[in-house]
Amino acid sequence: MKRSAAAALVLVGIAGCRSAELDVDAGSDAASADAAPLGFPLEDGGFLDAIDPKPKGPPDAAPPPIVPCGADAASDADADAGACAIPASFCLDGRWLEYFETKGCVDGTCAFDAKLLSCKGYCADGGCVTWTMTAPAPP
Amino acid sequence: MRAAAIFVVGALVACSSAPSGEHATTLTFPADAPPNGEIYACWSFPRSADGWVRSIAWDVPSAGALNVHHVTLYAVPKWDKSDGAECWDMPGATGFAVWVPGVAPLELPTGMGLALPADATRWVVQLHAYRGAAGPPANVTAHVQTTDAKPAVAAAWAVVPAPVPAIAPHSSAQGTGQCKALADVHVGVAWPHMHRVGREFHGAVLRAGGATEKLVDVPSWDVGRQVAYPVSVDLRAGDAVQTTCVWQNDGDGTVLPGYLATDEMCHQAVLVWPAENSRWQCTP
């Protein structure tokens, strides 16, 4: 019994770690549901930081770029079937990485899913900085 | 589930002998992962000797149904997790050696040692393993040689990471980072690290005067053969070590940065001396 319980704890822990990856609807209120439990937006250094020093939830995802495709594309290159090139990931702040997955060309515009990843380590220059061994010196 | 339980409650063995100031410590723990699963788990052992690390060797089961991705040996000031508990970040830990496929045992030259932090109370081994089919667990052992005698030269590991972007399907990406030396040091070993979609690794020295020199180049990355390369480079204060990783994601899904085998990482660990000069400023 004890063995099973212990194993379950380990497995639950691993699953929990991966839950830091979020699928958000960029630009919608749903994206900030966790971040704004009181119904108004949280901003870095804002009022709630002063009264609630607890770590915040994920920030609002930035909306994906609007890229025409298909017959609406501005150039032949844009019109290519693969023209909905996925935008590069970028850091929303020092922790959260925003990246995109494509849903293809929808009604003349490239459709992207915006997703957030909580970096292990920290976020910088469009990626997560992680390491093994000794932690690197801070910037 | 049964397999997972074994590694949580499996026996741990720590043996130590101490002839004339030399200490041989053996740290043994059970390695396992659930079928089609992956674990990051740690075991701790009392730090049985003061002094300096001279060498670290590993007994790790060869890849089969159970694959050991890496094992890292740390010394920590305190540790409150139970054996086999999940562990990812290692804040406050000092890394001493990592086993990965293809790496050789760490054996420092005569007269050199890695300093054990004075406040380190325990050894911690971090295991990253995954398996396909069900199978028996296996023991992993770290053999740690320490000495009480202060070596002529104290060495230390430093890590030069680079940011890992989300790597879109059927695309390539690159990440670059650097750490500037704040004091003169000698670099004796460079150990690059990426995961499965790594294609190229480039380590370089950026001289303060603007010149760039090769430190280590791995033009065709093989995650199954992660060599620690002997190098010999003197850095002056203001010089920097640069890490560049190139990835190629041929799959249909996005590869994300992270610790799992299916994630990606990018850094190089450099063994430098003297340890007291291992002071760095890293960007990004």
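Only this structure's heavy atoms are used, side chains among them; waters, hydrogens and symmetry mates stay out. Reminder, nothing fancy here: chain letters follow the sequence lines and each chain counts from 1.
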With only heavy atoms counted, which part of B:Thr72 is less than 4.5 Å from chain A, the side chain, the backbone, both or neither? side chain
Residue B:Ala97 versus chain A: region with a heavy atom under 4.5 Å: backbone
Where on B:Ala158 is there a heavy atom nearer than 4.5 Å to chain A: the side chain, the backbone, both, or neither? neither
Answer yes or no: is there a side-chain heavy-atom contact under 4.5 Å between B:Ser171 and A:Ile86? no
Spell out the residues in residues 188-199 of chain B that have some non-hydrogen atom less than 4.5 Å away from a non-hydrogen atom of chain A, in order of number; otherwise answer 'none'. B:Trp191
Suppose we screen for side-chain hydrogen bond (donor to acceptor under 3.5 Å, both in side chains). Which residues come up paired with B:His70, at least two apart in sequence or across chains? B:Gln126
Heavy-atom nearest pair, A:Thr130 first then B:His267, reads O-CD2, 3.9 Å
As a test of understanding, state which of B:Val159, B:Asp89, B:Val160 forms a side chain to side chain contact (heavy atoms under 4.5 Å, CB included) with A:Trp131. B:Val159
Interface residue of largest heavy-atom contact number with chain A, from B:Gly37, B:Pro163, B:Pro165, B:Ala156, under 4.5 Å: B:Pro163
Suppose we screen for side-chain hydrogen bond (donor to acceptor under 3.5 Å, both in side chains). Which residues come up paired with B:Gln242, at least two apart in sequence or across chains? none
The side-chain hydrogen bond (donor to acceptor under 3.5 Å, both in side chains) partners of B:Thr254 (sequence neighbours excluded) come to A:Glu101
Closest heavy-atom pair, B:Pro257 versus A:Leu97, reported as atoms and distance to 0.1 Å, is CG-CD2, 3.9 Å
Non-hydrogen atoms of A:Ala124 and B:Pro284 that approach each other most closely: CB-CB, 3.5 Å
